[in-house]
Protein chains: 2
Amino acid sequence: MRQLFHPTTDQFNLSTILNALGDPTRLQIIKNLADKSEKTCACCNVDLPKSALSHHFKVLREAGLINVRIEGKQRFLSIRYEELEEKFPGLLQVILR
Amino acid sequence: MRQLFHPTTDQFNLSTILNALGDPTRLQIIKNLADKSEKTCACCNVDLPKSALSHHFKVLREAGLINVRIEGKQRFLSIRYEELEEKFPGLLQVILR
DNA sequence: TCAATAGTTCAAATACAATTGAACTATTCC
DNA sequence: GGAATAGTTCAATTGTATTTGAACTATTGA
């Protein structure tokens with residue numbers, strides 16, 4: 001796996017995004033990423049087996065909420081601030097406040 | 001049934017609200033109620049049997065998104081604008097834009 | 001009182017989502 | 001090459017949501 005699918009902003013769908021955020025685990029992950037720094041999967045402080053984490057990261061990524069950058073053995077996660085702000089201005093502010 | 005449960009603003013929970021909004025049918029209902037007028041259940045223009053509609057209205061009501069006022073045979077639905085704005089400022093604007 | 005209307009509740013079916021561990025891939029470092 | 005690390009994928013299980021029709025409650029109007 002060298003390339004991961006990330007939707008473009010015009011593929012963003014509000015229903016999909018809200019559905020992704022509607023799960024408490026994923027909302028927590030987003031909150032943990034809120035300080036704008038990139039984090040590895042393990043740094044998201046969620047107490048679940050890695051396969052479950054992997055699933056939630058995929059849901060968030062495919063909804064357009066996070067970017068996953070592959071570097072060596074690790075994946076670096078970050079919120080797609082600018083693009084989300086462009087498409088749904090104010091949404092992240094509400095979620096992360 | 002004379003009284004329906006409606007959470008108070010301090011019972012509002014972001015995860016519950018996002019989960020309620022994460023369903024396409026319910027998001028559509030909220031959008032249909034966006035013009036701030038009260039509507040009966042039948043006026044929400046969702047093509048589902050009444051039992052399914054009743055279910056979705058209940059999820060929205062119990063999350064705190066809508067108010068259901070009983071008047072005679074009918075229920076009048078409306079979005080809880082002020083209270084939602086108080087607790088999650090900007091959320092409805094993002095959703096309804 | 002009787003029928004019509006508006007919606008709820010129930011139980012059952014179906015569908016979808018979350019969770020798990022094991023096996024797997026890819027990368028790094030010795 | 002071999003072991004360790006970081007994460008993915010798979011298949012199976014469990015759990016939760018949605019959908020449905022039928023039966024029900026409550027209200028209105030004839």
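So you know, we letter chains A, B, ... as the sequences are listed, proteins then strands, and number each from 1.
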(request) Determine, step by step, whether B:Phe57 and B:Ile29 satisfy the side chain to side chain contact (heavy atoms under 4.5 Å, CB included) criterion, reporting the C-alpha distance in whole Å, the side-chain angles of both residues, the deciding distance to 0.1 Å, and the verdict. (result) CA-CA 9 Å; B:Phe57 292 139; B:Ile29 292 171; 3.7 Å; yes
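Rounded to whole angstrom, the span from the CZ atom of B:Arg69 across to the P atom of C:dG7 amounts to 12 Å. Residue B:Phe57 contributes atom CZ, which lies 19 Å from atom P of D:dA17 at whole-angstrom precision. The distance between atom CZ of A:Phe76 and atom C1' of C:dT27, rounded to the nearest whole Å, is 13 Å. Between B:Lys58 atom NZ and D:dA17 atom P the separation is 12 Å, expressed in whole Å. Separating the CD atom of B:Glu71 from the P atom of C:dT5 is a distance of 19 Å, rounded to the nearest angstrom. Rounded to whole angstrom, the span from the NZ atom of B:Lys73 across to the P atom of D:dT27 amounts to 12 Å. One can place CG of B:Leu4 at 13 Å from C1' of C:dT9, the figure rounded to the nearest angstrom. Whole-Å rounding puts the A:Arg75 CZ to D:dA6 P distance at 11 Å.
The structure places CG of A:Leu4 at 9.5 Å from CD of A:Glu62, a figure rounded to the nearest 0.5 Å. Rounded to the nearest 0.5 angstrom, B:Ile79 CD1 and B:Leu92 CG are separated by 6.0 Å.
In the hydrophobic clustering of this structure, A:Leu48 groups with A:Leu27; members are Ile, Leu, Val, Met, Phe, Trp, Tyr whose side-chain heavy atoms approach within less than 4.5 Å, directly or through other members.
Pairs engaging residues 83-94 of chain B under the side-chain hydrogen bond (donor to acceptor under 3.5 Å, both in side chains) rule: B:Arg80-B:Glu83 [sequence neighbours left out].
With sequence neighbours excluded, the residues satisfying side chain to side chain contact (heavy atoms under 4.5 Å, CB included) with B:Asp35 are B:Ser37, B:Lys39.
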What pairs of nitrogen or oxygen atoms, one from the protein and one from nucleotides 18-20 of chain D, lie under 3.5 Å apart?
residue : atom : partner : partner atom : Å
D:dT18  : OP1  : B:Asp23 : OD1          : 3.2
D:dT18  : OP1  : B:Arg26 : NH1          : 3.2
D:dT18  : OP1  : B:Arg26 : NH2          : 3.0
D:dT18  : OP2  : B:Arg26 : NH1          : 3.2
D:dT18  : OP2  : B:His55 : NE2          : 3.1
D:dT19  : OP2  : B:His56 : NE2          : 2.6

